[in-house]
Amino acid sequence: MLRYLVFRASQLILVLIVVSILVFVFTSVMGNPVYLMVRENATEEEVQAAIEYLGLDKPLPVRYGIFVKNALRGDFGKSYVYHQPALRIISERFPATIEIVIVAMLLSALVAIPLGVYSGAYPKNFFSKSIMTISIAGISLPSFWVGMVLIFVFSLKLGILPVSGRGDVGVFLGIKTSLATVSGWRHIILPSVTLALGSLATILRLTRAGMQENMRQDYVKFARAKGVPRKKVLFGHALKNTLIPVVTIFGLQLGGLIAFTTITETIFSWPGMGKLLIDAINSADRPIVSAYILFVAVMFVFINFVVDILYTIIDPRIDLK
Amino acid sequence: MQVQVKTSNALKGSAENSKLKTFLSSEFIYNYKRSPTAIIGSIITIVVLLTALIGPFFTVQNPYDMSTIDLSDAYKPPAWIEGGDSNFILGTDQQGRDILSAIVYGSRISLIIGVAGTLFASIIGITLGLVSGYFGGRVDALIMRMADIQLSFPTMLIALFLMTFFGRGIGNILIALCLVGWVRYARTVRGETLTVKKKEYIEATRVIGLPNFKIISKHVLPNVFTSIIVLSTIQVGSFILTEATLSFLGLGVPVTRPSLGMLCNNGFKVLYSGLWWVSIFPGLYIMLIVFGINLLGDFLRDELNPKLK
């Protein structure tokens with residue numbers, strides 16, 4: 001276990017080094033921030049002063065060193081738009097994003113796993129086949145389009161749900177969250193349904209595949225032969241083993257969901273990290289973009305780590321090396 | 001699946017002709033004819049491709065040609081709704097562009113990006129996968145570490161970041177798609193190469209002294225081709241979706257070459273004023289394209305994946 005932790009920690013560091021170099025190279029090669037600072041007809045000296053102020057006169061490796069040193073202290077510079085430290089703005093927006101991700105996750109798990117188990121257990125029947133075809137349609141749907149349709153139907157035509165924004169924020173266990181108010185819940189429904197659809201189809205298909213795989217195993221045949229009723233074999237034996245890959249997929253989907261919040265939040269004007277990123281990209285707010293990339297990089301490595309640990313808890317056969 | 005790979009040459013001679021017959025009476029074709037989803041998938045895909053190919057001859061406008069567009073046609077709803085114009089079946093947008101024409105032209109861009117992106121990504125990925133699997137050692141370790149790191153990030157997010165740095169443009173999207181798409185090919189091809197490499201016929205080619213390049217291209221590659229076909233079908237669909245999403249966010253194609261995703265972006269601006277047709281129809285068409293491709297891909301995966309049989 002200790003060896004595994006050391007291995008993971010070194011992997012984390014490797015990932016961060018690679019990502020930081022990429023972010024640094026891209027942000028320093030693309031565009032020239034000097035002209036964002038000086039006035040239009042600046043003199044040679046003014047430009048020079050700006051270059052020195054930004055530290056652009058130093059060689060690239062030195063600049064990378066400074067970038068890393070500052071990043072380690074959580075300093076990615078101040079946002080060009082909000083004039084506040086980039087990392088602070090991102091962490092302020094973080095809860096809003098996690099909210100819709102969690103609700104979307106629960107939604108897709110509650111719908112996808114039962115349906116996946118059913119269609120895996122009875123693959124030949126009409127209902128299962130329809131589920132599978134519908135799930136292909138689900139994978140083929142662009143999530144921004146789903147969001148637009150939901151807005152049009154539920155907000156504009158029927159007028160039963162709000163169009164955009166986060167609604168009232170209540171305090172629950174010391175955390176400000178929309179999940180503590182009725183208005184918050186009304187606002188969260190459409191974005192999280194939009195977000196859930198893609199992962200719902202994926203989880204469904206994987207649960208089904210796992211279920212089918214397990215139904216062919218000897219232990220299932222043995223249990224049936226010994227007289228265990230079919231239902232009990234399904235949910236007592238096969239389902240347990242099916243859930244192992246589903247947990248991994250959940251971890252990966254979590255990452256995917258966070259990525260897709262950029263789209264969902266943009267459509268529903270949800271004030272989370274995703275919308276922040278898109279806004280930052282459109283206004284060339286470089287500190288926010290670099291801080292966001294490194295922030296999610298750390299987050300993803302952490303998610304993968306947790307998934308691996310969960311793996312060993314669910315399946316004692318797996319030994320982390 | 002050797003048989004299927006060779007069908008393109010099947011018409012060359014009578015000996016080859018019998019191969020075609022074998023193919024047509026194979027289990028693959030038998031199952032295909034009995035799979036409604038596969039047939040529906042093929043029909044959708046063929047219709048979509050034909051529309052992109054010859055559709056522009058039948059549209060009422062050329063969305064790139066400003067002279068065919070009349071501002072007085074703006075804000076027309078679809079033809080079956082009151083106030084609609086039978087010239088513009090799916091209505092017009094805020095600049096008087098016909099939605100149907102825009103979809104036909106836009107689908108060309110979406111399809112080209114999807115197919116070309118898959119082609120380039122597969123070339124890079126297959127090469128790296130073959131090298132990695134065949135030679136092993138340090139090269140293999142390096143390539144697979146790179147793949148590991150990349151796989152810990154969602155594809156969509158990597159594509160988004162790349163486009164942030166590259167800026168809009170069809171070429172840039174293709175580069176971004178290559179950079180995100182190679183991993184799955186490299187992994188799959190590497191895995192298969194490892195198994196094929198151990199087979200006796202590969203050993204035989206070594207014994208007779210064939211150069212590595214020839215062994216890989218003539219003997220390993222054809223045997224991993226099945227997985228590549230399956231993977232590519234699904235990849236085209238997912239690339240079309242990725243491109244649409246990027247363009248919707250304003251990070252994809254340039255405004256002058258609107259793909260289907262870009263049309264949705266344009267339509268989203270007027271959705272709140274009730275002009276739903278400007279964004280809903282292009283999105284629906286994206287779904288139709290990807291749905292058709294995925295139905296086919298699903299069938300191919302079930303049929304060509306020996307593990308499931």
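Each chain gets a letter, A, B and so on, in the order its sequence line appears, and its residues count up from 1.
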- Query: Which residues in residues 104-113 of chain B have a heavy atom less than 4.5 Å from any heavy atom of chain A?
  - Reply: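 Heavy-atom contacts from residues 104-113 of chain B to chain A are absent.
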Can you tell if the side chain of [X] reaches within under 4.5 Å of the side chain of [Y], non-hydrogen atoms only?
X	Y	result
B/W276	A/V149	no
A/F144	B/C264	yes
A/L156	B/L271	yes
B/L157	A/I258	no
B/F291	A/L141	no
B/F161	A/L277	yes

Pick whichever of [options] has the most heavy-atom pairs under 4.5 Å with chain A.
options	answer
B/T37, B/N265, B/I286, B/D298	B/D298
B/L284, B/T155, B/I149, B/L295	B/L284
B/L249, B/I40, B/L151	B/L249

Is the number of heavy atoms from other residues, nucleotides or ligands under 6.0 Å of [X] [atom1] greater than 12?
X	atom1	result
A/Y64	OH	yes
A/R93	CZ	yes
A/F302	CZ	no
B/R138	CZ	no

Is chain A contacted by the side chain of [X], its backbone, both, or neither, given a heavy-atom distance below 4.5 Å?
X	value
B/L288	neither
B/L241	side chain
B/F268	both

[atom1] of [X] to [atom2] of [Y]: how many Å apart, nearest 0.5 Å?
X	Y	atom1	atom2	value
B/T164	A/I293	OG1	CD1	6.5 Å
B/L160	A/I263	CG	CD1	7.0 Å
B/F165	A/R286	CZ	CZ	9.0 Å

- Message: If we define contacts as heavy-atom pairs under 4.5 Å, which of A/R205, A/K129, A/Q253 has the most with chain B?
- Response: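 The candidate making the most pairs under 4.5 Å is A/R205.
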Please classify the contact between [X] and chain B as side chain, backbone, both or neither, with a heavy-atom cut-off of under 4.5 Å.
X	result
A/I278	side chain
A/V301	neither
A/A297	both
A/T262	both

- Query: Nearest heavy-atom pair of A/G256 and B/P154: which atoms, and what distance?
  - Reply: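 For A/G256 and B/P154, the tightest heavy-atom pair comes out as N-CG, 3.7 Å.
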- Item | Distance-minimising heavy-atom pair for B/F248 and A/I267 |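 Smallest interatomic distance, heavy atoms only, reads CE2-CG1, 3.8 Å.
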- Query: According to the interplanar angle, ranging from 0 to 90°, do the rings of B/F153 and A/F300 count as parallel (below 30°), tilted (30 to 60°) or perpendicular (above 60°)?
  - Reply: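 Because their plane-to-plane angle is over 60°, the rings of B/F153 and A/F300 count as perpendicular.
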